[in-house]
Asks: 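So that we are looking at the same thing, I have put the structure below in C-alpha cells.
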Amino acid sequence: MKQCHLILCRSQSEAMILSRTLSACGIHGKLTRPPRSKKVRSCSWAIDIDSRFSEQAEECLEKAEISPDIWSWEDCEI
C-alpha cells in the first residue's frame with residue numbers, strides 16, 4: 001500500500017489556488033477529489049502530493065500567507 005498525503009480544500013477554486021502556489025515552490029501535485037462516502041455529496045477537492053514534500057508544502061503555504069483555515073491534511077493509503 002502506498003501512503004499518500006492530501007491537502008484538502010473546501011472548493012475546486014481554493015484547490016487550484018493552492019496548486020499554483022505549490023507549483024511556484026517547486027512542489028507538483030495532482031488535483032483530485034478526496035475519498036468520501038458515496039452517499040455524501042461534497043464540494044471538497046484535494047491536492048495529492050508526494051509524502052516527501054509534506055513539510056515543504058506546509059512551509060510554502062505559510063510563506064504565501066494562506067491560512068490553514070482554507071486547507072488541512074489527510075493521510076490515506078492507496
Side-chain angles (χ1 to χ4, degrees):
M1 296 215 126
K2 175 190 160 196
Q3 187 73 23
C4 65
H5 292 267
L6 298 176
I7 300 174
L8 300 176
C9 305
R10 291 184 298 234
S11 68
Q12 185 178 25
S13 299
E14 288 178 350
M16 291 172 75
I17 290 168
L18 267 62
S19 180
R20 281 187 293 239
T21 302
L22 293 171
S23 289
C25 292
I27 303 167
H28 301 285
K30 180 178 134 187
L31 209 59
T32 186
R33 298 299 298 250
R36 62 181 192 240
S37 167
K38 292 181 182 180
K39 295 179 182 179
V40 177
R41 300 211 29 106
S42 170
C43 298
S44 62
W45 279 78
I47 304 164
D48 184 358
I49 65 167
D50 188 316
S51 60
R52 296 176 293 165
F53 299 114
S54 298
E55 191 173 310
Q56 184 182 351
E58 194 165 340
E59 290 172 7
C60 176
L61 295 175
E62 286 176 6
K63 285 181 184 176
E65 297 182 359
I66 297 177
S67 170
D69 292 340
I70 293 174
W71 60 273
S72 64
W73 287 108
E74 180 173 310
D75 296 328
C76 58
E77 291 184 9
I78 296 177

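Side chains are part of it too, since the values below use all heavy atoms of this structure and drop only hydrogens, waters and symmetry mates.
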Asks: Using the test side chain to side chain donor-acceptor pair (under 3.5 Å), find all partners of Glu62 that sit at least two apart in sequence or belong to another chain.
Replies: none
Asks: Enter the distance from Ile27:CD1 to Ser19:OG here, rounded to the nearest 0.5 Å.
Replies: 10.5 Å
Asks: How many angstroms lie between atom OG of Ser11 and atom CE of Met16, to the nearest 0.5 angstrom?
Replies: 10.0 Å
Asks: Salt bridge (Lys or Arg N to Asp or Glu O under 4.0 Å) with Arg52: which residues, sequence neighbours excluded?
Replies: Asp50
Asks: Quick check for you: to the nearest 0.5 Å, what is the distance between Ile7 atom CD1 and Thr32 atom OG1?
Replies: 13.0 Å
Asks: Atom CG of Leu6 and atom OG of Ser54: how far apart are they, to the nearest 0.5 Å?
Replies: 10.0 Å
Asks: Show me the pairs that pass salt bridge (charged side-chain N to carboxylate O under 4.0 Å, His left out) and involve residues 20-29, at least two apart or across chains.
Replies: none
Asks: Do you know the tightest heavy-atom contact between Ala15 and Trp45?
Replies: CB-CB, 3.8 Å
Asks: Minimum heavy-atom separation for Ile47 to Gly29, with atom names?
Replies: CG2-CA, 3.9 Å
Asks: Using the side chain to side chain donor-acceptor pair (under 3.5 Å) criterion, which residues pair with Ser44? Sequence neighbours excluded.
Replies: Ser42
Asks: Please find the pair of heavy atoms, one from Leu8 and one from Pro34, that lie closest to each other, and give the distance.
Replies: CD2-CB, 3.6 Å
Asks: Just jot down the side-chain contact (heavy atoms from CB on, under 4.5 Å) partners of Glu59, sequence neighbours excluded, or say none.
Replies: Glu55
Asks: For Trp71, enumerate each residue passing the ring-ring contact (aromatic ring centres under 6.0 Å, His included) test, keeping only those at least two apart in sequence or located in another chain.
Replies: Trp73
Asks: Under the salt bridge (charged side-chain N to carboxylate O under 4.0 Å, His left out) definition, can you give me all pairs with a residue in residues 8-17, not counting sequence neighbours?
Replies: Arg10-Glu14
Asks: Can you list the residues that meet the side-chain contact (heavy atoms from CB on, under 4.5 Å) rule with Thr21, with sequence neighbours excluded?
Replies: Ile17, Cys60, Leu61, Ala64, Ile66
Asks: Could you measure the distance from the CG atom of Asp48 to the NE2 atom of His5? Nearest 0.5 Å is fine.
Replies: 9.5 Å
